[in-house]
Amino acid sequence: MTEWYFADGAQRQGPLPADDLRLRFQRGEITLTTLVWREGFDQWKALGDVVEELQLQNLTNATGNLGSGFDLRGDYIAIENGTAPLPGTGGGTYSPYSAPASTGSYAGAGVVQGGEVVYAGFWKRYAAYFIDYVVLTLCGAVIGGIVGAIFGLAVGAMAGSDAGSSTSDIVGGLLGIVISLVYYAEFHASAGGATLGKMAVGIKVVRSDGQRLTRGRAVGRYFATFVSTLTLMIGYLMAAFTERKQALHDLMCDTVVVDKWAFTENPHLQNRELGTVTIVILVLAGLSTLALIIAAVAMVGVLAAMA
């Protein structure tokens with residue numbers, strides 16, 4: 001099905017099917033001077049140029065629906081004489097008359113306001129967190145173990161084995177925090193605004209207006225998660241109930257977690273469903289949690305038998 005876009009003053013509307021476009025014309029919401037675009041056009045065209053394609057002549061007299069409102073003739077002339085940027089060339093600033101790209105990358109693109117925004121729900125965020133947790137646990141165990149052992153051996157040689165063991169634990173724990181901080185801050189402040197877990201489930205972190213996070217705000221958001229943790233995890237659970245799916249640390253830092261295509265020129269690519277990757281990760285997380293519970297119960301049984 002062909003999808004159409006039309007210019008409404010300073011906003012680009014769409015995508016929408018041809019039937020919806022015809023209905024808007026019949027109601028007088030758009031006129032023959034309204035600029036429209038679909039896949040295959042090399043530039044925006046006046047609605048009057050596609051009357052036959054859209055079968056508008058069957059709805060009303062084409063000359064009787066010039067309508068009123070925004071006068072886009074100057075913009076159309078600019079496109080005709082080449083002074084307006086052609087579709088896909090950018091032009092340095094966002095214009096509603098730039099043809100929307102059918103494909104492309106969401107990362108690093110300029111912020112596009114006015115489109116629909118799909119906020120990431122609790123379960124998508126949890127799946128992303130689970131992936132990040134596994135990644136950080138593995139990295140922290142390897143790097144922290146090696147560095148902690150080196151410091152522990154050095155201190156142990158000078159102050160005894162007990163001091164060396166304590167030093168190893170402290171250094172390993174501090175290094176784990178540093179690794180986690182660098183991981184979240186750098187990924188969240190990147191062009192994509194997403195950690196490996198968020199990339200996997202198709203979400204990203206941005207400011208409430210869609211702007212990319214600065215490194216300072218990303219660092220602040222990481223430490224703000226400690227507050228969400230200290231509230232007995234209620235700060236995290238808030239993402240399931242707040243209007244824009246914000247956790248406590250999001251509210252503190254003016255951030256939102258959204259679909260990766262939000263605030264881009266392709267908002268129609270956003271996914272409201274959980275998605276296959278999210279479902280698989282949630283199942284694995286559930287099985288892991290169940291295994292831990294069974295192991296804990298078994299350990300309690302063993303200790304009880306030994307008592």
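Remember, it's a predicted structure, so these values are computed and weren't measured experimentally. The residues of the chain are indexed from 1 along the displayed sequence.
Remark: side-chain polar atoms of Thr34 are not paired, donor with acceptor, to backbone N or O of Ile30 under 3.5 angstrom. Using modelled atom types, one side-chain atom of Thr137 and one backbone atom of Tyr133 make a donor-acceptor pair closer than 3.5 Å. Using a distance-only test at 3.5 Å, with no hydrogens or angles considered, no donor-acceptor pair links the side chain of Gln211 to the main chain of Val206. Formation of a donor-acceptor pair under 3.5 Å by the Arg22 side chain with backbone atoms of Leu54 is found in this model. A distance-only check finds a donor-acceptor pair linking the side chain of Lys204 to the backbone of Ala262 [under 3.5 Å]. Between the side chain of Arg125 and the main chain of Ala239, no donor-acceptor pair closer than 3.5 Å is present. Side-chain atoms of Ser190 come within 3.5 Å of backbone N or O of Phe187 as a donor-acceptor pair. Distance alone, capped at 3.5 Å, is enough to place a donor-acceptor pair between the Gln270 side chain and the Pro267 backbone. Lys124 places a side-chain N or O within donor-acceptor distance of the main-chain N or O of Glu273, the cut-off being under 3.5 Å. In this structure, the side chain of Glu3 does not engage the main chain of Ala18 through any donor-acceptor pair within 3.5 Å.
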Would you mind writing out the side-chain donor-acceptor pairs for residues 275-290 within the sub-3.5 Å range, not counting sequence neighbours?
residue : atom : partner : partner atom : Å
Thr278  : OG1  : Leu274  : O            : 2.9
Ser288  : OG   : Leu284  : O            : 2.8
Thr289  : OG1  : Ala285  : O            : 2.9

Side-chain donor-acceptor contacts of residues 299-307 below 3.5 Å, not counting sequence neighbours, with atom names and distances?
none

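One finds the SG atom of Cys253 at 10.5 Å from the CD atom of Gln246 (value rounded to the nearest 0.5 Å). Rounded to the nearest 0.5 angstrom, Leu16 CG and Trp4 CH2 are separated by 10.0 Å. A distance of 12.5 Å separates CG of Asp19 from CZ of Arg24, quoted to the nearest 0.5 Å. Rounded to the nearest 0.5 Å, atoms CD1 (Ile203) and CG (Asn271) are 11.5 Å apart. Here the CG atom belonging to Asp20 is positioned 14.5 Å from the CZ atom belonging to Phe25, to the nearest 0.5 angstrom. Rounded to the nearest 0.5 Å, atoms CG (Asp254) and CZ (Arg207) are 4.5 Å apart.
For Phe130, there are no ring-ring contact (aromatic ring centres under 6.0 Å, His included) partners, not counting sequence neighbours. Applying the salt bridge (charged side-chain N to carboxylate O under 4.0 Å, His left out) criterion to Asp259, with sequence neighbours excluded, gives no partner residue. Under the rule for a salt bridge (charged side-chain N to carboxylate O under 4.0 Å, His left out), Arg244 has no partner lying at least two apart in sequence or in another chain. When the salt bridge (charged side-chain N to carboxylate O under 4.0 Å, His left out) test is applied to Glu186, the partners found at least two apart in sequence or on another chain are Arg215. In this structure Arg217 satisfies the salt bridge (charged side-chain N to carboxylate O under 4.0 Å, His left out) test with no other residue, sequence neighbours excluded. In this structure, Tyr129 has no ring-ring contact (aromatic ring centres under 6.0 Å, His included) partners at least two apart in sequence or on a different chain. Remark: Ser228 pairs with His249 by the side-chain hydrogen bond (donor to acceptor under 3.5 Å, both in side chains) rule, at least two apart or across chains. For Phe226, the ring-ring contact (aromatic ring centres under 6.0 Å, His included) partners are Tyr222, Phe223, not counting sequence neighbours.
Residue pairs meeting the side-chain hydrogen bond (donor to acceptor under 3.5 Å, both in side chains) criterion with at least one partner in residues 229-240, sequence neighbours excluded, are absent.
The aromatic rings of Tyr5 and His268 sit perpendicular to each other, their planes meeting at more than 60°, with 30° as the lower class boundary.
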* Leu56 and Leu47: side chain to side chain contact (heavy atoms under 4.5 Å, CB included), yes or no, with the steps? -> CA-CA 9 Å; Leu56 300 182; Leu47 186 62; 3.7 Å; yes
* Can you check side chain to side chain contact (heavy atoms under 4.5 Å, CB included) on Val257 and Asp250, steps first, answer last? -> CA-CA 8 Å; Val257 182; Asp250 289 314; 4.2 Å; yes
* With side chain to side chain contact (heavy atoms under 4.5 Å, CB included) as the test, would you mind laying out the steps for Met238 and Leu251 before giving the verdict? => CA-CA 10 Å; Met238 287 173 61; Leu251 293 171; 3.5 Å; yes
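Summarising the geometry of Tyr184 relative to Leu136, their closest heavy-atom pair is CE1-CD1, 3.4 Å, with the distance given to 0.1 Å. Closest non-hydrogen pair, Phe263 versus Ser208, comes out as CZ-O, 4.0 Å. A pairwise comparison of heavy atoms in Gly140 and Ile179 identifies CA-CD1, 4.2 Å as the closest pair. Across all their heavy atoms, Gln43 and Trp37 have their closest contact at O-CD1, 3.7 Å. Contact record, Leu213 with Val205: CD1-O, 3.7 Å, taken as the closest heavy-atom pair. In this structure, Ala127 and Val201 approach most closely via the heavy-atom pair CB-CG1, 4.1 Å.
When hydrophobic clusters are built by joining Ile, Leu, Val, Met, Phe, Trp and Tyr residues whose side-chain heavy atoms come closer than 4.5 Å, directly or via intermediates, Phe122 is not grouped with Val117. Criterion: ILVMFWY side-chain heavy atoms under 4.5 Å apart, direct or through other members. Under it, Met233 and Leu248 are not part of a common hydrophobic cluster.
Remark: Lys45 qualifies as a cation-pi partner of Phe41 under the 6.0 Å distance and 45° angle criteria applied to the six-membered ring.
Clustering of Ile, Leu, Val, Met, Phe, Trp and Tyr by side-chain heavy atoms under 4.5 Å joins Ile293 with Val297.
At a threshold of 4.5 Å between non-hydrogen side-chain atoms, the residues Thr195 and His188 count as touching.
Under 4.0 Å is where a charged nitrogen must lie from a carboxylate oxygen, and between Arg12 and Asp8 no such pair does.
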